[in-house]
Amino acid sequence: MSGAVVTQDDAGTAAPARWGLRIAAIVLCAWVLVPIYLLAVDAFNAPAAVTGWPKRFWPAFDLTSLAFFWNYAGVIRALMNSLLVAGLTMVLSILIGAPAGYALARFRFRGKGAFRILVLMTRAFPLPLLALPLAVFYLRTGLDDTLLGLALIHTVLALPFAILITSSLFVSIPVELEEAAWVFGCNRAQAFVRIVAPLALPGIAASGVFAFVTSWNEVFAASVLTVQNQTLTAFLLTSLDVSPLPLKFAGAFVLIIPALIFLFLVRKYLFSLWGIANR
């Protein structure tokens with residue numbers, strides 16, 4: 001009897017908790033999706049509807065603003081530059097961050113704690129503070145106004161997250177799996193590639209997503225270090241700053257679409273990282 005009472009009490013307290021989680025999830029989804037929806041509405045409305053009153057809360061699927069923006073000189077080149085820089089940043093962040101995270105997780109060396117702090121300290125300095133020395137250094141080395149130079153800056157911005165998230169995942173993978181691979185003839189590098197890396201793939205994908213989005217959204221370094229080879233964010237900042245409001249909505253909509261598509265493509269790795277079954 002007492003056991004039944006306890007079970008009922010537990011059920012009674014669990015129901016409000018579940019409803020609280022559901023409400024929190026709905027609020028969070030609304031916080032993220034409603035601005036994107038309103039942006040899409042204004043991007044697909046006629047210019048007169050964007051500036052007119054009363055406001056429309058559903059799109060008229062008028063492509064005038066998007067067509068004008070897409071045909072604007074330099075947009076396609078800036079979009080391709082953003083994709084190239086973001087892709088290169090993602091690759092470099094994974095190639096550098098995953099081995100660094102593995103070293104933090106598996107090896108003991110002097111200054112390990114200091115190294116962790118230094119990794120975080122790289123994000124403590126605001127980028128505008130480093131703009132002048134970076135510009136001078138890039139001018140002297142020939143990296144100014146190049147996609148590679150911009151990708152290196154974005155990689156530095158994304159590396160702390162890549163190192164720390166992969167390090168935490170490698171710690172959770174039992175070292176006995178690697179030792180078993182060593183017994184069967186693998187060296188440490190082969191054991192990492194064949195055993196550890198596949199198990200840590202969700203975390204590696206998450207660090208890659210963060211690097212891609214960081215590079216795609218970054219605007220300050222892209223504006224300072226590039227002139228002819230601008231990314232889409234820098235192009236929007238310099239070219240559409242005084243443009244009409246409908247074109248700004250169209251540009252913002254084009255800016256967020258590739259990042260959303262990329263997140264959709266790698267969603268199964270993120271779900272695996274969070275322990276959610278992907279169906």
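Just so it is clear, the model here is predicted, and its values are computed rather than measured. Computed from heavy atoms alone, side chains included, the values below leave out hydrogens, waters and symmetry copies.
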Walk me through it: do Q230 and R77 pass the test side-chain contact (heavy atoms from CB on, under 4.5 Å)?
CA-CA 8 Å; Q230 289 183 325; R77 181 181 179 183; over 6 Å; no
Pair I204, T166 - check side-chain contact (heavy atoms from CB on, under 4.5 Å), show working.
CA-CA 6 Å; I204 295 175; T166 54; 4.2 Å; yes
Check whether any side-chain heavy atom of [X] lies under 4.5 Å from a side-chain heavy atom of [Y], and answer yes or no.
X    : Y    : value
T226 : T231 : no
R188 : W182 : yes
L63  : F44  : yes
I153 : L134 : yes
T214 : T89  : no
N217 : T233 : no
M90  : L95  : no
W216 : L83  : yes

Where [X] and [Y] come nearest, the two heavy atoms and their spacing:
X    : Y    : result
A206 : I165 : CB-CD1, 4.0 Å
R194 : C186 : NH1-SG, 3.9 Å
T155 : S93  : CG2-OG, 3.8 Å
S207 : I94  : OG-CG1, 4.4 Å
L237 : S223 : CD2-OG, 3.4 Å
A43  : A250 : CB-CA, 4.2 Å

Flag yes if [X] and [Y] sit in one hydrophobic cluster, no otherwise; membership is Ile, Leu, Val, Met, Phe, Trp, Tyr, and two members link when side-chain heavy atoms are under 4.5 Å apart.
X    : Y    : answer
L164 : V171 : no
L199 : V183 : no
L92  : V156 : no
L84  : L88  : no
I256 : L236 : yes

What distance separates [X] [atom1] from [Y] [atom2], expressed to the nearest 0.5 Å?
X    : Y    : atom1 : atom2 : result
S215 : L150 : OG    : CG    : 6.5 Å
L225 : L147 : CG    : CG    : 12.0 Å
T146 : D144 : OG1   : CG    : 7.0 Å
I96  : I163 : CD1   : CD1   : 8.5 Å

Using modelled atom types and a 3.5 Å cut-off, is there a donor and acceptor pairing between side-chain atoms of [X] and backbone atoms of [Y]?
X    : Y    : value
Q190 : N187 : yes
E218 : A221 : yes
D145 : V227 : yes

Kindly determine whether V196 and F170 satisfy side-chain contact (heavy atoms from CB on, under 4.5 Å), including the steps that lead there.
CA-CA 7 Å; V196 179; F170 291 140; 3.4 Å; yes
Atom [atom1] of [X]: over 12 foreign heavy atoms under 6.0 Å:
X    : atom1 : value
R140 : CZ    : no
E179 : CD    : yes
F68  : CZ    : no
Y37  : OH    : yes
F184 : CZ    : no

For the rings on F253 and F69, is their centre-to-centre separation under 6.0 Å?
no
Check against side-chain contact (heavy atoms from CB on, under 4.5 Å), Y138 and L152
CA-CA 11 Å; Y138 269 43; L152 292 177; 3.9 Å; yes
